[in-house]
Amino acid sequence: MSLDHSEAGLVARVSHLTKSYGSAANPVTALDDVSIGIRSGEFTAIMGPSGSGKSTLMHIMAGLDTATTGQAWLGDTEITGLPDSDLTILRRRRVGFVFQAFNLVPTLDVRGNILLPFELDGRRPAREESAWIERLIDSLGLGDRLKHRPHELSGGQQQRVAIARALGTRPDLVFADEPTGNLDSRTGREVLSLLAAASAEYGQSIAMVTHDPIAASFADRILFLADGRVVDDRPRSSAEEISRLMLTMEKAA
Ligand code: ADP
């Protein structure tokens with residue numbers, strides 16, 4: 001499918017997306033007619049209260065879950081309707097993930113974890129990719145930890161390994177799911193600064209799901225979800241402004 005002008009510069013988008021769970025007699029609507037685009041090179045936060053549909057939206061955009069109706073694209077590839085085998089390859093090559101629980105492989109050392117996406121794709125990094133990975137290791141301060149295994153690292157260090165792993169293949173889009181949920185606030189801010197820097201300095205597109213106004217304040221743009229619908233779309237805002245908006249939404253609900 002070719003993209004028209006208004007869709008240029010979008011790294012991912014969804015159109016009239018709905019997702020229902022439960023039986024026909026007793027449906028739970030997790031997403032209700034959501035249409036949004038994630039802009040290339042930006043750090044976008046998807047925020048909303050618990051149960052608003054953030055995880056469901058992220059999972060469908062990342063090809064981890066299927067929509068009930070509507071369409072999702074990564075770049076110009078429509079992913080709704082792709083067979084699982086194609087989705088697996090697409091995720092491996094074009095998407096990076098940073099999870100709340102870090103999700104590192106306990107038996108691999110730091111370098112092994114960072115190189116895992118290449119390993120899974122059955123290849124070694126090319127010369128340029130190796131140089132990029134060394135640069136990431138350096139800028140994330142992991143140079144003296146490469147032989148350590150995850151259990152020998154602090155939570156903040158583990159999340160930095162996960163960020164290096166997510167950025168290593170230079171994916172089209174990195175999805176971060178509550179990336180600071182298991183970190184103390186100071187370490188959490190460091191991790192958010194690193195994500196913001198990856199976007200500002202390397203042009204990495206990032207979509208981060210969070211319910212935390214401080215985390216969302218690091219993003220270039222904030223999409224607000226409530227009851228499965230997009231209810232607001234704001235440029236960079238302070239944590240105080242975001243908290244106020246959240247309160248207004250909760251009162252309106
Ligand atoms: P959030 O990430 O904002 O907390 P979710 O996307 O997890 O929200 O959930 C949105 C809604 O969909 C909630 O009402 C939730 O209970 C429901 N939901 C999510 N996953 C499932 C599931 N596997 N089965 C049934 N209901 C679900």
Side-chain angles (χ1 to χ4, degrees), residues 12-38 42-74 79-82 84 87-88 91 95-103 159 162 166 173-183 188 191-192 195 205-234 237 239 241-253:
R13 70 188 175 96
V14 299
S15 176
H16 301 294
L17 204 64
T18 66
K19 177 72 175 181
S20 307
Y21 294 105
S23 62
N26 220 343
V28 175
T29 305
L31 294 176
D32 182 7
D33 196 22
V34 171
S35 299
I36 52 150
I38 302 293
E42 273 192 1
F43 182 12
T44 302
I46 299 169
M47 113 148 284
S50 179
S52 58
K54 305 182 295 294
S55 309
T56 304
L57 176 61
M58 188 193 104
H59 289 154
I60 295 173
M61 288 202 299
L64 290 164
D65 196 359
T66 54
T68 304
T69 60
Q71 293 166 288
W73 289 264
L74 186 68
I79 63 172
T80 24
L82 275 188
D84 280 347
L87 282 175
T88 302
R91 279 198 303 273
V95 177
F97 291 96
V98 179
F99 296 102
Q100 178 171 352
F102 317 137
N103 292 26
Q159 198 59 307
L173 180 56
V174 167
F175 289 101
D177 190 359
E178 301 279 8
T180 57
N182 275 327
L183 302 174
V191 161
L192 291 161
L195 290 173
S205 310
I206 302 174
M208 172 179 72
V209 163
T210 185
H211 69 277
D212 175 9
I214 293 176
S217 71
F218 283 77
D220 300 312
R221 176 191 183 198
I222 309 148
L223 293 166
F224 290 85
L225 253 65
D227 293 329
R229 292 179 150 263
V230 176
V231 292
D232 212 342
D233 180 354
R234 300 255 164 171
S237 307
E241 288 168 320
I242 297 166
S243 296
R244 258 201 308 279
L245 277 166
M246 291 287 288
L247 274 176
T248 320
M249 279 168 204
E250 276 162 25
K251 279 192 195 131

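Everything numeric here is computed off the predicted structure, so don't read it as measured data. Remember, it's 1-based here, ligands and their atoms both numbered in the order they're listed.
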Residue pair S50 / H211, side-chain heavy-atom distance below 4.5 Å: no
Measure the distances from the heavy atoms of G22 to every atom of ligand 1 and state whether one is below 4.0 angstrom. no
Can T18 and T69 be counted as having a side-chain donor-acceptor contact under 3.5 angstrom? yes
Quick test: of every protein heavy atom, which one is nearest to atom 27 (C) of ligand 1, and how far off is it to 0.1 Å? Y21 CD1, 3.2 Å
Checking the side chain of T80 only, and the main-chain atoms of A72 only, is there a donor and an acceptor separated by less than 3.5 Å? yes
Indicate yes or no for a side-chain donor-acceptor contact from S23 to the backbone of N26 under 3.5 Å, with no hydrogens or angles considered. yes
Review item, side-chain donor-acceptor pairs of residues 55-64, under 3.5 Å, at least two apart:
{"from": "H59", "atom 1": "ND1", "to": "S55", "atom 2": "O", "distance (Å)": "3.3"}

Determine whether a donor-acceptor pair (N or O, by modelled atom type, separation under 3.5 Å) exists between the side chain of D32 and the backbone of R229. no
Distance to 0.1 Å, residue and atom name: give those for the protein heavy atom nearest to atom 8 (O) of ligand 1. G53 N, 3.1 Å
Main-chain N/O of S20 paired with T68 side-chain donor or acceptor, under 3.5 Å: yes
Give the residue, atom name and distance (to 0.1 Å) of the protein heavy atom nearest atom 2 (O) of ligand 1. S55 OG, 2.6 Å
Go through ligand 1 atom by atom and flag the ones less than 4.0 Å from a non-hydrogen atom of S52. 1 (P), 3 (O), 8 (O)
S50 neighbourhood, listing ligand 1 atoms whose heavy-atom distance to it stays under 4.0 Å: 4 (O)
Looking at K54, which atoms of ligand 1 are within less than 4.0 Å of one of its heavy atoms? 1 (P), 2 (O), 3 (O), 4 (O), 6 (O), 8 (O)
Measuring from atom 6 (O) of ligand 1, which candidate in D227, L57, T56, I60 has the nearest non-hydrogen atom? T56
Nearest non-hydrogen protein atom, atom 13 (C) of ligand 1: G51 O, 3.7 Å
Is Q159 reaching over with its side chain to a backbone N or O of F99, donor-acceptor style, under 3.5 angstrom? yes
Kindly say whether V28 contributes a backbone atom to a donor-acceptor pair with the side chain of K19 at under 3.5 angstrom? no
Taking only non-hydrogen atoms of P49 and a 4.0 Å limit, the atoms of ligand 1 in range are 3 (O)
Of all the heavy atoms in G48, does at least one lie under 4.0 Å from an atom in ligand 1? no
Ligand-side contact atoms (ligand 1) for residue partner A30, heavy atom cut-off under 4.0 Å: 10 (C), 11 (C), 12 (O)
Right, does atom 15 (C) of ligand 1 have protein non-hydrogen atoms nearer than 4.0 Å? no
